[in-house]
2 protein chains.
Amino acid sequence: MSGRLSSSYDAGVTATRPVDKFDRRRTELAESALLTLGELGYARASLREIAGNSPFSHGVVHYYFDDKLELVIYSIRHYKARCVTRYDAVVRDSATAGELVEAFAAKLAQTIRDEAPMHRLWYDLRTQSMFEDGLREAITEIDATLEAMIWRVVDRYATLSGRPPAVGPAAAYGMLDGLFQQALLTYLSAGEPVLTGLSAQVRTVLPLMLGRP
Amino acid sequence: MSGRLSSSYDAGVTATRPVDKFDRRRTELAESALLTLGELGYARASLREIAGNSPFSHGVVHYYFDDKLELVIYSIRHYKARCVTRYDAVVRDSATAGELVEAFAAKLAQTIRDEAPMHRLWYDLRTQSMFEDGLREAITEIDATLEAMIWRVVDRYATLSGRPPAVGPAAAYGMLDGLFQQALLTYLSAGEPVLTGLSAQVRTVLPLMLGRP
DNA sequence: GACATCTCTTGACAACTGTCAAGATCGGGC
DNA sequence: GCCCGATCTTGACAGTTGTCAAGAGATGTC
């Protein structure tokens with residue numbers, strides 16, 4: 001944990017919930033860390049480099065975090081917490097199955113455009129968790145929330161289509177995540193054209209995930 | 001390249017094609033490197049560690065390879081060259097569509113059982129290629145051969161089924177690779193049971209990849 | 001204003017990294 | 001035997017890493 005008593009928010013505050021200055025600094029550091037991590041990857045992002053892209057000096061990291069691993073885990077958790085709601089609007093606002101497919105495909109492509117460094121960082125950390133035990137638990141937990149996020153889309157799509165899903169949550173997530181990762185990979189070399197390809201794939205694949213009415 | 005004139009095999013040899021002692025040592029080193037890389041991952045596998053798991057000392061690496069990157073690329077190429085034929089027997093020997101699905105699903109599960117470290121290394125390097133330009137070209141090339149490998153399976157499956165594929169090579173590879181990677185990830189935590197799940201997923205998903213006759 | 005606590009910087013540490021050069025060792029041709 | 005090139009080891013280099021301790025600065029309390 002931290003270097004102080006852990007301050008589980010609202011330790012005697014009125015209403016605005018300032019979450020403690022300590023926690024705010026942690027988040028601030030995490031946000032800086034995400035920039036550097038997304039640019040260099042887990043292995044090559046040193047604490048000095050991370051601190052260099054922040055308003056602080058390199059020593060301050062160990063005041064707010066026990067070690068590099070805790071900072072990284074805190075950072076990716078902080079980022080992914082925002083992400084898991086990315087497709088909720090799609091699910092909520094789509095009135096027909098076709099509309100949902102279009103909105104989902106567009107959103108997938110857009111997030112690669114907007115946040116490619118964050119996505120490659122996520123895949124980097126998930127892969128590192130196959131080598132480093134310290135990462136495994138956090139990564140597994142986040143991955144489960146992503147699977148749930150995708151399942152909300154697929155399940156709603158099935159409902160709107162009046163047909164049952166033909167695959168389970170894990171398979172649906174695995175397949176779509178595979179396509180997404182592939183698109184991300186080639187996007188970093190080939191750029192924009194890849195994304196229309198991804199949208200087309202999603203339009204093809206989503207219907208395949210449903211069975212007969 | 002190397003530290004010597006590059007010896008593109010058979011520089012005046014009779015028949016057994018000894019490929020040159022130089023190239024044999026390169027391969028020998030590459031095979032040792034694969035062990036260490038598969039255990040520690042790209043970032044944490046140092047040249048000293050790699051050499052330590054080989055019959056040689058750490059300095060010899062730079063006699064056979066220019067730098068770490070060339071060694072790693074040579075190693076993964078060496079490994080994947082053997083891999084791309086993994087499912088060829090399945091394609092060749094299956095007489096019915098159902099037989100092919102079964103054989104393919106079994107083979108996928110078996111290679112996770114047998115070569116998990118090599119597979120996680122591959123995903124590690126592919127992810128690193130999103131951060132390191134020096135890896136990109138080799139990774140992209142290998143990935144294309146894997147896509148072709150998967151397509152041979154899917155295409156043959158379509159033929160045996162008397163139905164056309166409903167998705168292209170890229171999408172088929174992306175989806176199956178996603179499932180495979182997911183299975184690998186959870187296999188490293190949960191072990192054997194995951195693999196029967198993977199087989200089940202493949203039995204479900206492959207038929208979904210075909211259209212109407 | 002003085003004290004105490006929180007916050008942050010600076011500088012150092014030991015360990016480790018990829019790289020390379022100098023030289024030892026080996027093997028075969030004469 | 002001797003020599004020469006190929007092969008390999010040893011030891012060093014400059015740089016980087018995560019970590020931490022000592023202390024400076026800030027902040028709020030009495």
Side-chain angles (χ1 to χ4, degrees), chain A residues 1-7 9 11-13 18-30 32-33 36-37 39-75 128 131-132 134-135, chain B residues 1-7 11-14 18-30 32-33 36-37 39-75 128 131-132 134-135:
Chain A
M1 271 297 149
S2 63
R4 217 190 54 172
L5 40 115
S6 82
S7 90
Y9 107 70
V13 195
V19 194
D20 205 20
K21 188 181 174 190
F22 190 74
D23 285 348
R24 242 186 296 131
R25 275 275 185 278
R26 274 168 78 97
T27 314
E28 199 175 346
L29 264 173
S32 285
T36 309
L37 286 165
E39 219 49 56
L40 300 179
Y42 175 56
R44 311 197 318 179
S46 71
L47 293 182
R48 282 167 178 81
E49 196 85 28
I50 289 173
N53 293 347
S54 87
F56 307 104
S57 71
H58 73 272
V60 84
V61 175
H62 282 84
Y63 181 71
Y64 289 101
F65 297 94
D66 275 351
D67 53 12
K68 188 184 179 181
L69 201 58
E70 199 203 346
L71 167 63
V72 169
I73 291 178
Y74 184 90
S75 299
Q128 289 313 308
F131 296 96
E132 246 193 85
L135 274 171
Chain B
M1 270 296 151
S2 64
R4 215 190 58 170
L5 40 115
S6 84
S7 89
V13 194
T14 53
V19 195
D20 203 19
K21 188 182 176 192
F22 190 75
D23 284 348
R24 243 185 297 130
R25 275 276 186 278
R26 275 169 77 99
T27 314
E28 198 174 348
L29 264 172
S32 286
T36 310
L37 286 166
E39 219 48 55
L40 300 179
Y42 175 56
R44 312 195 319 177
S46 72
L47 293 181
R48 281 169 177 81
E49 196 85 27
I50 289 174
N53 293 348
S54 87
F56 307 104
S57 70
H58 73 271
V60 85
V61 174
H62 282 84
Y63 182 72
Y64 289 101
F65 298 93
D66 275 351
D67 53 12
K68 187 184 178 182
L69 201 58
E70 200 203 345
L71 167 62
V72 169
I73 291 178
Y74 185 89
S75 299
Q128 289 312 308
F131 296 96
E132 253 195 79
L135 273 171

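Protein chains get the first letters and strands the later ones, always in sequence-line order, with residue 1 at the start of each.
The separation between I50(A) atom CD1 and dT17(D) atom P is 10 Å, rounded to whole Å. In this structure, the CZ atom of R24(B) is 14 Å from the C1' atom of dA6(D), given to the nearest Å. The interatomic distance linking L71(A) (CG) with dG18(D) (C1') rounds to 12 Å, in whole Å. Nucleotide dC20(C) holds its P atom 8 Å from the CG atom of D66(B), rounded to whole Å. Atom-to-atom, CZ of F22(A) to P of dG28(D) comes out at 17 Å; the value is rounded to the nearest Å. Distance, F65(B) CZ to dC8(D) P: 12 Å, rounded to whole Å. Taking atom CD of residue E49(B) and atom C1' of nucleotide dG18(C), one finds them 15 Å apart after rounding to whole Å. Put simply, CZ on R26(A) is 15 Å from C1' on dT7(C), counting in whole angstrom units.
In the set dC6(C), dT7(D), dC20(C), the nucleotide with an atom closest to the side chain of H62(B) is dC20(C). Distances were taken from every side-chain heavy atom of V60(B) (C-beta onward) to each of dT9(D), dT19(D), dG18(C); the shortest belongs to dT9(D).
The residue among K68(B) and R48(A) whose nearest nucleotide of DNA chain C lies closer to the 5′ end is R48(A). Residue-to-nucleotide proximity on DNA chain D shows that, of S46(A) and G59(A), the 5′-proximal contact is made by S46(A).
Dashed line: the shortest gap from a side-chain N or O of Y63(B) to OP1 or OP2 of dC8(D) is not under 4.0 Å. In this structure, R25(A) reaches the dC8(C) phosphate: one of its side-chain N or O atoms is under 4.0 Å from OP1 or OP2.
Looking only at side-chain heavy atoms (C-beta outward), D66(B) and L71(B) stay at 4.5 Å or farther from each other. The closest side-chain heavy-atom distance from L29(A) to R25(A) is not below 4.5 Å.
Here S57(A) lies in heavy-atom contact (under 4.0 Å) with a base.
Residues R26(A) and E70(A) are paired through a salt bridge, judged by an N-O separation under 4.0 Å between the basic side chain and the carboxylate. The pair R44(A)-E49(A) fails the salt-bridge criterion, with no side-chain N (NZ, NE, NH1 or NH2) lying under 4.0 Å from an Asp/Glu carboxylate O.
One donor-acceptor pair, N or O on each side, does fall under 3.5 Å between the base of dG11(C) and the side chain of H58(A).
Ring planes of F22(B) and Y63(B): perpendicular class, angle over 60° (limits at 30 and 60°).
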